[in-house]
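Reading through the structure tokens given below for one structure.
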Amino acid sequence: MEKIRTLRGFRDIFGEELDKFRRIESVFRKYSGLLGFREIELPVLEKTELFVRSIGDTTDIVEKEMFTFTDVGGDSLTMRPEATAGMVRSYLQEGLYATERMTKVSSIGPMFRHERPQKGRYREFHQIDVEVFGVKEALVDAELIFMIRMILDELGVGRYRIEVNSVGCKTCRESFRRVLIDYFETRKDQLCEDCLRRLERNPLRIFDCKNEQCIDVTGDSPLLFDSLCGECRDHFRLFEGYLSDFGIGVEINKRLVRGLDYYTKTVFEVTSEDLGAQKAFIAGGRYDNLVEEMGGPATAGIGFAIGVERLAMLVPVSAEKGDRRCFFACVGDRARAHLVSFLKACVSAGITLKHAYDAKSLKAQMRYADNLKCDFVLILGDDEIDRGIITLRNMADKSQRELPLDPKKVAQELVVVA
RNA sequence: GUGGGUGUAGCUCAACGGUUAGAGCAUCAGGCUGUGGUCCUGGGGGUUGAGGGUUCGAGACCCUUCACCCACCCCA
């Protein structure tokens, strides 16, 4: 029989990695709470149309990377490939635009993209997502960067870069698009195949190419950043000003572009060289038209997503030692009969009491206790029972002492020493 | 979807085309009746990813296929 294993790109997450996930989540919740975000859980499955409309039907995500299938009722459904679409849907569906002047929400959960897996990229991956609706002021842009910095610092992430840029609004982007196309049209012969495709579909993306020739060509091409409209330029200047008020240094990368269609003005990316080729582990930006495009009132929006798997690769293993453990070793059936009462007493007292389920020699139980890194072992055999006591061994210094054979009193004692 | 790399014990890896495929770690059991880590002895555990081919003989060579890893496209 062939062993059943996980689907390609899907994984079991456990042990050290899961510990890091939990730590990341808890540090995130600390700062998102301090900055006034509330958490929300959204469905993993949504109508396909939601993603097509929000992400853009010519993006790679929508064109070839979604887990999409047809429901028995005939609806086309999709496992969410990113969080913002669902966040916007929820914001509109729950009518939050009418009940609060602005909304700060966050969410944590799995996302799905049907891509070829590689380092730091899986078909099921996890994102921490943050969105702010209804604030057009650049202060919030800087506040999000501040939040990211606080989280990364507390997690002990060492080397990372925060890059920011502005991709402008509809008007400055439209006019620039023509300028860019004109520029590249005359240099078509120097572009790689992929970039020729990009030129047709989304010329801005040529800036993302890793091909050396293409990088050369973009080297002296006009930049969107330099032809922003007055409003977008002002917004970016204010953003920079607030960042310096927060005391955060960032790099302005005028070539930074985003893969999703809905971004406007501020975009940013946090990268690390310790990640392999997929070096961005946090990315986000402003999307001032998205809510309206999704059928809501004109509402500014901005958000970012943290790739949890990628961030976990950068988080140092926490040195904090788990709680001290105790083991119950018994010799013979008479002693074994006491196990349950000790278990009950210890759990009630908040103590972890490990034990072997099958009857083994004392030696084997000691080995097992050692293996489990237990700090204390309770030893109970005929000797102890006859004398009305139980032996408590300290595994570290091998000292032993006797306690009365009374589960509650022993549990109390363990609370003190363990 | 494309390119490259790798598939041998639970894990990390050996084995020039030539006996019965090994080692370390892990696991289990012993080393005078009830005491762990180090040490000694032993046990269990494999269709060498799968299928075909070449050969007197294949873990190794060839073909096919599958899986994983890395990279491209793209993205967190």
Side-chain angles (χ1 to χ4, degrees), chain A residues 1-11 24 55 58-66 80-84 108-130 148 192-195 197-198 201-202 205 208-211 257-260 268-272 275-285 303-314 327 329-332 335 356 358 360-385 391-400:
Chain A
M1 271 255 273
E2 201 172 314
K3 277 186 207 162
I4 297 176
R5 39 176 305 131
T6 53
L7 299 171
R8 184 195 303 268
F10 286 69
R11 309 177 309 133
I24 289 167
I55 300 168
T58 61
T59 56
D60 278 45
I61 291 182
V62 170
E63 277 188 344
K64 55 177 195 184
E65 293 172 2
M66 297 203 301
R80 61 180 181 195
E82 58 105 46
T84 304
I108 301 177
M111 305 293 156
F112 304 85
R113 287 184 202 173
H114 198 277
E115 302 175 280
R116 208 55 184 266
Q118 71 186 70
K119 191 177 179 67
R121 173 200 285 171
Y122 306 98
R123 289 187 171 182
E124 180 187 36
F125 59 101
H126 295 77
Q127 284 190 344
I128 291 175
D129 193 71
V130 165
I148 288 169
C192 70
E193 251 179 71
D194 291 323
C195 282
R197 248 181 45 237
R198 293 184 178 108
R201 289 172 26 178
N202 191 345
R205 214 81 70 73
D208 261 345
C209 193
K210 289 165 186 168
N211 184 304
V257 294
R258 311 264 62 239
L260 280 56
F268 53 90
E269 213 168 80
V270 186
T271 60
S272 168
L275 281 179
Q278 305 306 321
K279 55 185 188 165
F281 63 100
I282 300 178
F304 67 84
I306 300 175
V308 181
E309 281 82 355
R310 291 182 187 178
L311 174 53
M313 291 194 280
L314 303 172
F327 190 93
C330 51
V331 184
D358 51 351
K360 284 175 189 279
S361 69
L362 181 59
K363 184 195 188 83
Q365 291 181 72
M366 292 301 289
R367 225 195 312 249
Y368 187 32
D370 187 58
N371 202 307
L372 293 171
K373 297 185 175 16
C374 292
D375 301 291
F376 295 94
V377 176
L378 291 168
I379 300 170
L380 187 65
D382 290 336
D383 276 10
E384 283 87 355
I385 295 173
T391 301
L392 175 65
R393 178 180 178 86
N394 179 328
M395 293 295 268
D397 63 17
K398 300 184 180 186
S399 66
Q400 295 192 173

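Here is the naming used below: chain letters follow the sequence lines, and residue numbers restart at 1 for every chain.
- Separating the CD atom of Gln365(A) from the P atom of U35(B) is a distance of 12 Å, rounded to the nearest angstrom.
- Cation-pi geometry between Arg393(A) and Phe376(A) is not met at under 6.0 angstrom from the ring centre and within 45 degrees of the axis.
- For Lys119(A), whose side chain is taken as the heavy atoms from C-beta onward, the closest listed nucleotide among A76(B), C70(B), G36(B) is C70(B).
- For Arg116(A), the listed nucleotide lying nearest its side chain is U2(B); candidates were U2(B), G34(B), G36(B).
- Separation of the C1' atoms belonging to U47(B) and G4(B) is 30 Å when rounded to the nearest angstrom.
- With P as the reference atom, G52(B) and G17(B) are 24 Å apart, rounded to whole Å.
- Residues Tyr368(A) and Phe327(A) bring their aromatic ring centres within 6.0 Å.
- Residue Phe376(A) is classed as having no contact, given no heavy-atom separation below 4.0 Å to the nucleic acid.
- Along RNA chain B, the nucleotide nearest Asp370(A) and the nucleotide nearest Ala280(A) are compared for position; the residue whose nucleotide lies closer to the 5' end is Asp370(A).
- Of the candidates G34(B), C72(B), A76(B), C72(B) carries the atom nearest the Ala277(A) side chain, counting heavy atoms from C-beta on.
- Residues Gly9(A) and Arg367(A) both approach RNA chain B. Their nearest nucleotides, taken by heavy-atom distance, put Arg367(A) toward the 5′ side.
- In this structure, the CG atom of Leu392(A) is 18 Å from the P atom of U35(B), given to the nearest Å.
- The phosphate of A76(B) has neither OP1 nor OP2 within less than 4.0 Å of any side-chain N or O from Lys279(A).
- When atom types are taken as modelled, the side chain of Gln365(A) and the backbone of Cys330(A) share a donor-acceptor pair closer than 3.5 angstrom.
- Going from atom NZ of Lys373(A) over to atom C1' of G36(B) covers 12 Å, rounded to whole Å.
- Close to C70(B), at under 4.0 Å from its OP1 or OP2, lies no side-chain N or O of Arg121(A).
- Taking 4.0 angstrom as the limit, Asn371(A) places a side-chain polar atom (N or O) nearer than this to OP1 or OP2 of U27(B).
- Remark: Gln118(A) is in phosphate contact with A71(B), judged by side-chain N or O atoms under 4.0 Å from OP1 or OP2.
- You'll find the side chain of Arg8(A) reaches within 4.5 Å of the side chain of Pro117(A), heavy atoms only.
- Taking atom CG of Asn394(A) as the reference point, atom C1' of G37(B) lies 14 Å away to the nearest angstrom.
- Proximity note for Lys360(A) (side chain, C-beta onward) versus A29(B), A76(B), U35(B): the nearest is A29(B).
- Distance CD (Glu124(A)) to C1' (A76(B)): 14 Å, rounded to an integer number of Å.
- Taking the P atoms as reference points, A15(B) lies 39 Å from G36(B), given to the whole Å.
- Considering only heavy atoms from C-beta on, Met66(A) stays 4.5 Å or farther from His114(A) through its side chain.
- In the set G37(B), G34(B), C69(B), the nucleotide with an atom closest to the side chain of Ile379(A) is G34(B).
- Residue Gln278(A) places at least one side-chain N or O under 4.0 Å from the OP1 or OP2 atom of C72(B).
- The separation between Arg11(A) atom CZ and A67(B) atom C1' is 17 Å, rounded to whole Å.
- Contact annotation: Lys398(A) side-chain N/O to G36(B) OP1/OP2 distance is not under 4.0 Å.
- For the pair Leu362(A) CG and G31(B) P, the computed distance is 13 Å after rounding to whole Å.
- Phe125(A) has its side chain out of reach of Phe10(A): every pair of non-hydrogen atoms, C-beta onward, lies at least 4.5 Å apart.
- Between Arg8(A) and A67(B), a side-chain N or O to OP1/OP2 separation shorter than 4.0 Å is present.
- Side-chain contact, Thr391(A) with Glu384(A): a donor N or O sits under 3.5 Å from an acceptor N or O.
- We find that the ring of Phe125(A) and the base of A76(B) stack, their centres lying under 5.5 angstrom apart and their planes tilted less than 30°.
- In this structure, Gln400(A) reaches the bases: a heavy-atom distance under 4.0 Å links it to at least one base atom across the strands shown.
- Residue Pro117(A) places its side chain closer to C69(B) than to any other of C69(B), G34(B), C68(B).
- Considering only the side chain of Arg310(A), A76(B) comes nearest among A76(B), G37(B), G34(B).
- Consecutive Watson-Crick or G-U pairs involving RNA chain B, each under 3.5 Å on both distances, make up stems of three or more pairs at B:1-7 with B:66-72, B:10-13 with B:22-25, B:27-31 with B:39-43, B:49-53 with B:61-65.
- For Glu115(A) and U2(B), the CD to P distance is 16 Å, given to the nearest whole Å.
- Using a cut-off of 4.0 Å between Lys/Arg side-chain N and Asp/Glu carboxylate O, Arg121(A) and Glu115(A) are scored as salt-bridged.
- For the pair Arg310(A) (side chain) and Gly120(A) (backbone), a donor-acceptor distance under 3.5 Å is present.
- Distance NZ/Lys373(A) to CG/Asn371(A): 7.0 Å, rounded to 0.5 Å.
- Across all strands, Gly276(A) comes closer than 4.0 Å only to sugar-phosphate atoms, never to a base (heavy-atom distances).
- Atom name C1', nucleotides G22(B) and G1(B): the rounded distance is 42 Å, in whole Å.
- Using a 4.0 Å heavy-atom distance criterion, Arg393(A) is classed as a base contact.
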